[in-house]
Amino acid sequence: MRSRLRHLVLGATALFTAASALPAAAAPSQGRAEQHPSRDGLSAVVRYTEYGIPHILAKNYTDLGFGTGWAQAADEVCTLADGFVTLRGERSRHFGADTAADGALSGARTNLASDLYFRGVRESRTVEKVLAEPAPVGPSREVRGMMRGWAAGYNAWLKKNKTTDPACAGASWVRPVTELDVAARGLALASISGEGRFVDTITTAKPPTGATSAGSGPSSRQPDAKAVAKAADELWGDSGMGSNAVAFRGDTTANGSGLLLGNPHYPWEGGRRFWQSQQTIPGELNVSGGSLLGTPAISVGFNAQVAWSHTVSTGIPASFHRMNLDPADPRTYLVDGKPERMRKRTVTVAVKDGAPVTRTQWWTRFGPVVTSLNSQVPLPWTSTTAYALYDPNASNLRFSDTSLGFSKARSTDEVLASLARHQGIPWVNTIAADRAGHSLYTQSQVLPRITDGLAERCSTELGRTTYPASGIAILDGSRGDCALGSDPDAVGPGIFGPARMPTLKNAPYVENSNGTAWMTNADRPITRYERVFGTVGTQLGLRTRGGIEDVAAMADKGRLTVRDLQRQQFANRVPAGDLAAEDVARACAALPGGTATGSDGKPVDVSEACGVLKAWDRTMDTGSRGALLFDRFWRRLEQAVPPGQLWKVPFSAADPVRTPNTLNTEAPGLATALADTVEELRAAGIALDAPLGAHQFVVRDGKRLPVPGGAGQLGVWNVIQPTWDAAGGGYTEVPFGSSHLQAVGWDGSRCPVARTLLTYSQSSNPESPHFSDQTRLFSGEKWVTSRFCEKDILSSPKLKVVRVHERR
């Protein structure tokens, strides 16, 4: 291996003057200093194998960042450039103020709201302040080097290449970036589930005046506690992101090594896409996996010893403080009777074809003032009270260091050590396995330090309802003794330390499908954690139930291999169908005359649907007939029948995986839902027994590609979430679902056994040869064999070696 690597580096690229053999696992950093770039500027070797997957070889972290930035730009320059426009607060200038925002980096509805927020972040020098903090609060020297190198690599690609992607070819907003831009993107991704969700209300909150200040008018209406709890559940219960992951312990596998299957569910378009690569610094780092676009480190992946993935957690990443205001000035709040003036953040945004817009935001010791959870649930700013949002991830730039620690880890214990040292995971769980046969689940994430005791002692009247119901705390901000406090092992105040994180080590399996930590393993429930992390003893979602059923059966069977993980990913089983399809078909057949009454009061002949449902194979394979009918029916049924009336056997915490069960076919909404579904499909011109893939698809290179998988609410592991367009004749192209898949194990060799798949392919540029190649594989339920070791990279029939460098 040493000789081959030397010949590659010296002969093909002349990048190194000498090269050492790559270790079986990346050696842990011994704190060695980052090497200075050469006088010729930054450089790296990018070796492309099948499907345009780059294997980036560099001599230090700055050069590695350079190669990564260059290669990401080559595949995704328009998507990246669009995100940097967002982070600079310039969307209104280029695209118009009232146009819908891109949605990748915040929940802002319009470009104007997005710009007001992100320009405010920039002008307040928030990112610079975090960068100035010493590690581990701020980024390490290695990560600073990677960010600096990433910006230089992106800029070098822009300087050397002409953009062919029609999404931004010739656009003035495609501009060079700085390390600050890269860091700002990391900060935005960290806070996307906190401040990022409240951009609209942060940028529109105003002090009360006139009648409102006197305590009358609509804005003074007190929020309803149940409505607030429901809004919180909707806000954080459906984040637009999700995932499954499972790790198996060695005694369940064929050879005693661990196994990991990762299945993140993310948008197929825009700035939250994953991008594949391998990153190598000989003797220091060797890791392969997926990075969130614009970030320099691997987000989910594997090395020669460890594999890990993430799933969006149930933890509530932000909290609220109700402030008592000075009666003479609603811009001043009182803490222990002492006045504190709100900080005024005035921001001006340039607008295309219009005058600049200037708005003011208001900030407190807790965070920004907000006036609602959503449009239906106000948190009014009156003459006496206002609400502020606390988001600890708004200053969390530690995700890349945490991920880099995973990339260098040699065991699941070292994964935990990286989490404990950096504490940078914002809104996900971590699931990992290693070569030695260990498994790990942990909900080690950055959450506001809301203990149940603090909530009991300091919740407002409203918070006494919202915290137990949804985990969202609304605390009394007027009392100094209600501050969040500190844990001795936390990197800073106001967050939990590692000792409090729900964690399960070395169970036969650990599984998460966006449920609470409680049912990570049905035989080893986790119970001792604060409510802000999630619930204990509550009803599981169908995807969690189905996932536990599947992986528990796999663990019991034993002698598992990577091939078993591949089968699980594409089993496309529908737990809702297993529970209910037979009963629905029977109830359908019992309808008098085969007729049901729709919600419009008209009779509908549903007799054909009875046979289709009975014959359905209860999968969401592309050729499955009846899958689309059941999919549309189940969505309507859940809307028509209250949860407490849907099943005859209710949920029992003593049997959480198998309850509730037995569909209540006597519920009045069932027949109506069936009638409406039949009418819906017929109106769209879709046969009731149409194969799923004929109507669940993406278009690539002018051709429809059928897409396997189904909705998470059906319990399907392989989540695919298309959007129904009645006027357009059915589902639109798939915009969301399974993304960077990895099935990883180990055998007797030094190389991991890994199969991967980037469902939407490496590039969103339709002119790229890697715009649809992996999407075609996903359509056919096929995988990519990972080329991790040097012998495998060098033997690729598609090998292309490119030396990239910075011209000075």
Side-chain angles (χ1 to χ4, degrees), residues 1-2 5 20-32 55 57-58 60-61 64 136 140 142-143 146 245 247-251 253 255-262 277-291 297-310 398-425 430-442 444 498 503-507 510 562 742-754 756 786 788-790 792:
M1 186 186 300
R2 180 186 298 269
L5 180 57
S20 60
L22 295 178
S29 175
Q30 300 299 321
R32 69 187 197 182
H55 305 257
L57 186 63
N60 57 51
Y61 286 99
L64 185 66
S140 67
E142 290 84 359
V143 165
M146 292 179 79
F248 291 99
R249 194 174 66 192
D251 57 0
T253 71
N255 62 6
S257 291
L259 288 171
L260 177 111
L261 173 60
S277 71
Q278 182 175 2
Q279 297 182 327
T280 304
I281 301 173
E284 170 73 7
L285 176 74
N286 196 17
V287 61
S288 185
S291 303
I298 297 292
S299 305
V300 293
F302 58 93
N303 59 35
Q305 303 292 336
V306 174
W308 80 95
S309 193
H310 296 302
R398 304 184 297 275
F399 181 73
S400 288
D401 267 304
T402 311
S403 297
L404 185 59
F406 294 171
S407 297
K408 296 191 287 185
R410 296 173 296 182
S411 66
T412 56
D413 279 345
E414 291 190 8
V415 168
L416 270 178
S418 181
L419 287 163
R421 171 168 172 74
H422 301 291
Q423 298 171 36
I425 299 297
T430 300
I431 294 87
D434 64 26
R435 181 187 285 269
H438 302 114
S439 67
L440 170 68
Y441 162 86
T442 182
S444 295
T503 299
L504 182 60
K505 298 173 61 175
N506 296 326
V510 289
V562 167
Q742 54 178 352
V744 185
W746 295 267
D747 57 17
S749 76
R750 300 179 67 186
C751 309
V753 179
T756 68
S786 175
F788 185 85
C789 284
E790 282 299 303
D792 299 315

>> As a quick check of understanding, evaluate side-chain contact (heavy atoms from CB on, under 4.5 Å) for L285 and S407, giving each step before the final call.
In response: CA-CA 7 Å; L285 176 74; S407 297; 3.7 Å; yes
> Got a sec, which residues hit salt bridge (charged side-chain N to carboxylate O under 4.0 Å, His left out) with R421, two or more places apart in sequence or on another chain?
Replying inline: none
> Could you walk me through whether I425 and F399 pass the side-chain contact (heavy atoms from CB on, under 4.5 Å) check?
Replying inline: CA-CA 6 Å; I425 299 297; F399 181 73; 3.6 Å; yes
> What do the steps show when you test I431 against L260 for side-chain contact (heavy atoms from CB on, under 4.5 Å), and what is the final call?
Replying inline: CA-CA 8 Å; I431 294 87; L260 177 111; 3.9 Å; yes
Do [X] and [Y] come within less than 4.5 Å of each other through their side chains, counting heavy atoms only?
X	Y	value
F248	S439	no
L57	P282	yes
R249	V510	no
Q423	P136	no
K408	E284	yes

Can you see which heavy atom on [X] is nearest to which on [Y], and at what distance?
X	Y	answer
A754	V744	CB-CG2, 4.2 Å
T756	S786	CG2-CB, 4.4 Å
A433	A247	CB-CB, 4.0 Å
N286	N303	O-CB, 3.2 Å
V306	R410	CG2-C, 3.4 Å
V562	A743	CG1-O, 3.7 Å

> Using a distance-only test with no angle check, is there a side-chain donor-acceptor pair under 3.5 angstrom linking N60 and E142?
Replying inline: no
Is it the case that the side chain of [X] and the backbone of [Y] share a donor-acceptor pair, with hydrogens and angles ignored and the cut-off at 3.5 Å?
X	Y	value
D434	T412	yes
Q305	A409	no
S291	A297	yes
S288	F302	no

To the nearest 0.5 Å, what is the distance between [atom1] on [X] and [atom2] on [Y]?
X	Y	atom1	atom2	result
T503	L419	OG1	CG	8.5 Å
L416	T442	CG	OG1	5.5 Å
L404	S418	CG	OG	7.5 Å
E790	C751	CD	SG	9.5 Å

>> So, using side chain to side chain contact (heavy atoms under 4.5 Å, CB included) as the criterion, who are the partners of S277 when residues are at least two apart?
In response: P54, I56, W275, Q279, I298
> Looking at residues at least two apart in the chain, or sitting in another chain, which of them share a side chain to side chain contact (heavy atoms under 4.5 Å, CB included) with N255?
Replying inline: T253, S257, D747
> Angle class for the F406/H310 ring planes (parallel below 30°, perpendicular above 60°, tilted otherwise)?
Replying inline: tilted
>> Please determine whether side-chain contact (heavy atoms from CB on, under 4.5 Å) holds for the pair S299 and W308, giving the CA-CA distance in whole Å, both sets of side-chain angles, and the decisive distance to 0.1 Å.
In response: CA-CA 9 Å; S299 305; W308 80 95; over 6 Å; no
